[in-house]
Chemist: 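Take this structure, written in structure tokens, and hold onto it; I'll ask about it next.
Chain identifiers are assigned alphabetically (A, B, ...) following the order of the sequence lines, protein sequences preceding nucleic acid strands; residue numbering begins at 1 within each chain. Source: prediction; values computed, not measured.
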Amino acid sequence: QQQVKQSPQSLIVQKGGISIINCAYENTAFDYFPWYQQFPGKGPALLIAIRPDVSEKKEGRFTISFNKSAKQFSLHIMDSQPGDSATYFCAAGGSNYKLTFGKGTLLTVNP
Amino acid sequence: DTAVSQTPKYLVTQMGNDKSIKCEQNLGHDTMYWYKQDSKKFLKIMFSYNNKELIINETVPNRFSPKSPDKAHLNLHINSLELGDSAVYFCASSQGFGNQPQHFGDGTRLSIL
């Protein structure tokens, strides 16, 4: 049973555009929602994270929007750059302290 | 300095062999993890240790045995390797046991022939 559903599977955006990746979760016990960025041959790296007491968190060009009632959260990448091309994973963590990952989104930003 | 380092980076071996992967972190963290990333890039936790104590043990075949000699090291030994074990194995660490930022190594790509 996949507890965190991520979409789209792949995304192509032009340089300067906005990249949007969505995730939905089922378990209401989740209370920590990080996003990880992974480049080929590298391990995932934490990009930004949010907890359910806020609806939005922004760090530079990266913003997480969180909708607790809909059990959804999304990553927005403003002014997308070719260097942002990577695989992005959403994840959710709860009281059992395990992170459950989405299946990933391969983002390609064309110059 | 590499924060979370894994060795080896690549491991190619025959089915039935036994192999180990080592992980070390120099971040002073007290919690370490092993993840498996399959060919479709799906990441799944396998084990977690906090202060050398096993706290997460997912449904993993008992051919996989983690070992934490101290807080900075977490090794993974795999017996009787099978074709389905081919994957990238990631070590990670965090400060504190809970939903804290995790720092990942660059992975060990295991290929079973």
Chemist: Nearest heavy-atom pair of B/Q100 and A/Y32: which atoms, and what distance?
Modeler: C-OH, 3.8 Å
Chemist: Got a second to check how far B/K40's NZ is from A/Q9's CD, nearest 0.5 Å?
Modeler: 8.5 Å
Chemist: Which atoms of B/L43 are under 4.5 Å from chain A, going by heavy atoms: the side chain, the backbone, both sets, or neither?
Modeler: both
Chemist: Under the side-chain contact (heavy atoms from CB on, under 4.5 Å) criterion, do A/R51 and B/N99 qualify, and how do the steps go?
Modeler: CA-CA 10 Å; A/R51 298 189 189 267; B/N99 292 324; 4.0 Å; yes
Chemist: What part of A/P44 is in contact with chain B, defined as an atom under 4.5 angstrom from a non-hydrogen atom: side chain, backbone, both or neither?
Modeler: both
Chemist: Side-chain heavy atoms under 4.5 angstrom apart, residues restricted to Ile, Leu, Val, Met, Phe, Trp, Tyr: same cluster for B/I21 and B/Y35?
Modeler: no
Chemist: Against chain B, label A/F89 side chain, backbone, both or neither, depending on which of its atoms sit under 4.5 Å from a heavy atom there.
Modeler: side chain
Chemist: Looking at A/G94, A/A91, A/P34, which one has more heavy-atom pairs under 4.5 Å with chain B than the rest?
Modeler: A/G94
Chemist: Run the side-chain contact (heavy atoms from CB on, under 4.5 Å) check on A/L46 and B/Q102 step by step: do they pass?
Modeler: CA-CA 7 Å; A/L46 179 66; B/Q102 294 184 19; over 6 Å; no
Chemist: Give a yes or no on whether B/V60 and B/Y49 share a hydrophobic cluster (residues Ile, Leu, Val, Met, Phe, Trp, Tyr; joining criterion: side-chain heavy atoms under 4.5 Å apart).
Modeler: yes
Chemist: Quick one: what part of B/Q6 sits under 4.5 Å from any heavy atom of chain A, side chain, backbone, both or neither?
Modeler: neither
Chemist: Considering only heavy atoms from C-beta outward, does the side chain of A/K42 approach that of B/F90 to under 4.5 Å?
Modeler: no
Chemist: Would you find more than 12 non-hydrogen atoms of other residues, nucleotides or ligands less than 6.0 Å from B/E53 atom CD?
Modeler: no
Chemist: Would you give the length of the straight line joining atom NZ of A/K98 to atom CD1 of B/I45, rounded to the nearest 0.5 angstrom?
Modeler: 7.5 Å
Chemist: Do you reckon B/L83 sits in the same ILVMFWY cluster as B/L110, going by side-chain contacts under 4.5 Å, direct or chained?
Modeler: yes
Chemist: Between B/K9 and chain A, which part of the residue has a heavy atom less than 4.5 Å away: side chain, backbone, both or neither?
Modeler: side chain
Chemist: Given A/F101 and B/K41, is the side-chain contact (heavy atoms from CB on, under 4.5 Å) satisfied, shown in steps?
Modeler: CA-CA 10 Å; A/F101 283 84; B/K41 293 213 160 189; over 6 Å; no
Chemist: Same cluster for B/L54 and B/F64 if Ile/Leu/Val/Met/Phe/Trp/Tyr side chains link at under 4.5 Å?
Modeler: yes
Chemist: Could you see if A/I48 belongs to whatever hydrophobic cluster contains A/I21? Use Ile, Leu, Val, Met, Phe, Trp, Tyr and a side-chain cutoff under 4.5 Å.
Modeler: yes
